[in-house]
Number of protein chains: 2
Amino acid sequence: MVATVERVETAWMERTKYELIDCDVHQAIKDYRALHPFLPEAWRKYVSARGFGGPSSGYQTSVGLYRKDVAPPGGGEPGTDPDWLRKQLMEQYNVKYVLLNGGGILGLAALPDGDFATVIASAYNDWLSATWLGEHNADGRFKGSMMVAPQDPEAAAKEIDRVGDHPHIAQVMFASAVTPPMGAKQYWPIYAAAERHGLPVAVHPGVEGRSTTGAPTAAGWVSKYIEWHTCLPQKAMSHAVSLVCQGVFVKFPKLKIVFTESGIGWFPHVMWRLDRNYKSLRQEVPWLTRLPSEYMREHMRMTTQPIEEPPTDEQFLGLLEAMDAKQTLMFSSDYPHWDFDNPVEAFRAVPEGLKRRIFYENAAELYGAKLRPAAS
Amino acid sequence: MVATVERVETAWMERTKYELIDCDVHQAIKDYRALHPFLPEAWRKYVSARGFGGPSSGYQTSVGLYRKDVAPPGGGEPGTDPDWLRKQLMEQYNVKYVLLNGGGILGLAALPDGDFATVIASAYNDWLSATWLGEHNADGRFKGSMMVAPQDPEAAAKEIDRVGDHPHIAQVMFASAVTPPMGAKQYWPIYAAAERHGLPVAVHPGVEGRSTTGAPTAAGWVSKYIEWHTCLPQKAMSHAVSLVCQGVFVKFPKLKIVFTESGIGWFPHVMWRLDRNYKSLRQEVPWLTRLPSEYMREHMRMTTQPIEEPPTDEQFLGLLEAMDAKQTLMFSSDYPHWDFDNPVEAFRAVPEGLKRRIFYENAAELYGAKLRPAAS
């Protein structure tokens, strides 16, 4: 029993020791009709209390979407109460800033109707600005991801011009499920606009296998949710290779890409394989002037959750070293979802300097311009 | 100059020191009309000198398919001359056995017409048995992969029953491009037959993106050959997850799967991610009685080429440790293709005991029953 008490006390001390930026938090819309005021009249009829008719993939988690203890005491779905989120996540784990990445709204990228997806994205951004980033954000510690519809990149670029300079909009986001891979020229107006406003572009999994996004894995439709979830990083792998080879970072040298909730273990493997191939096949990508891995380390960031759990600390630290975590990795908890990572437990083996990079400094450097107003 | 001479002499000594089994060698058919004698009359008209009308993916290597020095002195395409292959590969690198995995024949898995694919597979197996594994195989050092058409698993099972006990047929093979993932029930007759005959089932990339196989990566169609090639391991990743979760190794406890030319760096990552998910989601796969990684290490084998090249020896050895290479990894050169791995160069940092496992012993244990007749 003494050991248990010591463990709890150590955890508490660590909690107070490290300030965090949580780069993947899922606030939710209690009633989607809250978007109505921000939607043109003609589109309102497509949005009901439950949502906007986004397609389903048919993959269903057997443990539920949420942690068991996250429903707000006052009622409503998990993630719908700003005060409860502050208390249960930010106070509990010493989180200074959170990135609010939405939830069901990511499904707009799988809508066959790109016009509808575009107006839904705008309505969501206005709702987010008015609520979580507005009336509930007196201390400025809520930062948000603005959504764009990848189906219409020119409209997405205009949307970035419209709301990208909001003081609490910290990045542009769409679903990682998109096809074709992110290097394709069709996305470039989004990258140009994001770079123009100093915003990273983030992608997030969850709608893989829905409608226009096609099969969720390289070999097609897997069967169980556990298979689907385990294969999610394949999207990020394709996007990473495509972004580098298509020359996105040559054209947009200030652009940063954030792979949210997409795993981290794939990153060294893809760097090694792409570098090896580059030595033989560089004539296919003559615009590149450095090794592919150099572009990846400079321009790509990953969030930690769900963090891989190698059998030994040595392997875990080796992975962090191989992926250059001191520069590329940013903490995320995925609150309030079922596979939440507790920062105290998940990084016990990581030395203090690197832990500070992962918990705070890498994100502070990436989102710095949007953190400063509240950091004073 | 002295240093160069010493390097050559060391290489020569290593060549004579380690005996090899090369698990991925591509012999070719000089003129596809050689299949005619083994085809029913009605199908012969579809097979010309150049091939059998398999679809193309449109991805084209910028360096050519072959190493520059591999054309047989007597003429013909690389890989068509058994004596030249013996001299240039087996004598040069002290290779005792080679696994002959074909080349263009892998494209049968992408034929929309599964009936045609089935007869092509049979004709190929008969041609292979009569030539490379027959008249050119007095010393029994050529071993072959029999092809099956995954489009018709019952016919594939019959084909395994028909030729699987040939003394030099060492494994069953089809293209890794197949969809759905390999755990799906439709493939189980193939696994039952392979297990019945003590044969591993191997898959090999190359036809990803062709016709019925769908998009080559999880995020759809990448652009360049370098992107396509770098993303090939995604197929193996999906297959590995699917095979474990669908319970293939519970149903077929003696079955071994060989991921040929599919990279190795993904293996630890997928084990870690799947094990983590299993802890939360095991109720979706109640037939599993051990950690997913235990099934993967026991039932899966990988061939080395194209071997990843991490920046440091420490990272390379860490990868081999994390993937349990002493049990799971088997050498392959990919001769005569452009990205041939020289065994002397590619494994300099690997200690002797592990090198022997990778170069010979793991393959000898896997293919043992088919190696013994010639090993005496």
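Side-chain atoms are counted along with the backbone in the values below, which use heavy atoms only and exclude waters and symmetry mates. These numbers come from a predicted model, not from an experiment. A note on names: the letters A, B, ... follow the listed sequences, proteins ahead of strands, and every chain is numbered from 1.
Counting heavy atoms of neighbouring residues, nucleotides and ligands inside a 6.0 Å radius, atom CD of Glu314(A) does not exceed 12 of them. Within 6.0 Å of CD in Gln186(A) there are more than 12 heavy atoms belonging to other residues, nucleotides or ligands. By the neighbour-count criterion of 12 heavy atoms within 6.0 Å, atom CD of Gln60(A) is sparsely surrounded, having that number or fewer from other residues, nucleotides or ligands.
To the nearest 0.5 Å, the span separating OG1 on Thr230(B) from OH on Tyr278(A) amounts to 12.5 Å. Annotation: the span from Ser223(A) atom OG to Lys185(B) atom NZ amounts to 7.0 Å, rounded to 0.5 Å. For the atom pair CD of Gln315(A) and CD of Glu321(B), the computed distance is 6.5 Å after rounding to the nearest 0.5 Å. In this structure, Asn277(B) CG and Lys224(A) NZ are separated by 14.5 Å, a value rounded to the nearest 0.5 Å. Taking CH2 of Trp228(B) as the reference point, atom CD of Glu284(A) lies at 11.0 Å (rounded to 0.5 Å).
Val244(A) does not touch chain B: none of its heavy atoms, backbone or side chain, sits under 4.5 Å away. Proximity to chain B is limited to the backbone of Trp221(A), based on heavy atoms less than 4.5 angstrom apart. Neither the backbone nor the side chain of Ser293(A) comes within contact range of chain B, judged by heavy atoms closer than 4.5 Å. Residue Ala322(B) touches chain A through both its backbone and its side chain, counting heavy-atom pairs closer than 4.5 Å. At a 4.5 Å heavy-atom cutoff, the contact between Val178(B) and chain A is made by backbone atoms alone. With a 4.5 Å cut-off on non-hydrogen atoms, Pro306(A) touches chain B through its backbone and its side chain both. Only the backbone of Pro216(A) comes within contact range of chain B, with heavy atoms under 4.5 Å apart.
A salt bridge is defined here as a Lys NZ or Arg NE, NH1 or NH2 lying under 4.0 Å from an Asp or Glu carboxylate O, and Lys279(A) with Asp339(B) fails to meet this definition. With respect to the salt-bridge test (charged N to carboxylate O, under 4.0 angstrom), the residues Arg273(A) and Glu309(B) do not qualify.
For the residue pair Gln246(B) / Glu227(A), a side-chain donor-acceptor distance below 3.5 Å is found, with atom types taken as modelled.
Taking both residues in full, the closest heavy atoms of Ser238(B) and Ala218(A) are given as OG-N, 3.8 Å, listed atom of the first, atom of the second, then distance. The minimum heavy-atom distance between Lys235(B) and Ala219(A), with the atom names listed, is NZ-CA, 3.8 Å.
By the 4.5 Å heavy-atom criterion applied to side chains, Val63(B) and Gln283(A) are counted as neighbours. Using a 4.5 Å heavy-atom threshold, the side chains of Leu274(B) and Ile226(A) count as touching.
When Ile264(B), Ile307(B), Thr61(B) are compared by the number of non-hydrogen pairs under 4.5 Å with chain A, Ile307(B) comes out ahead. Put simply, of Val222(A), Thr217(A), Leu319(A), the one with the most heavy-atom pairs under 4.5 Å next to chain B is Thr217(A). Between chain B and the options Asp341(A), Val285(A), Leu232(A), heavy-atom pairs under 4.5 Å are most frequent for Asp341(A). Considering only heavy-atom pairs separated by less than 4.5 Å from chain A, the leading option among Ser280(B), Gly214(B), Gly263(B), Gly183(B) is Ser280(B).
Glu308(A) contributes no side-chain N or O that, together with a main-chain N or O of Trp272(B), makes up a donor-acceptor pair within less than 3.5 Å.
A side chain to side chain contact (heavy atoms under 4.5 Å, CB included) with Pro233(B) is found for exactly one of His269(A), Gln234(A), Met237(A), namely His269(A).
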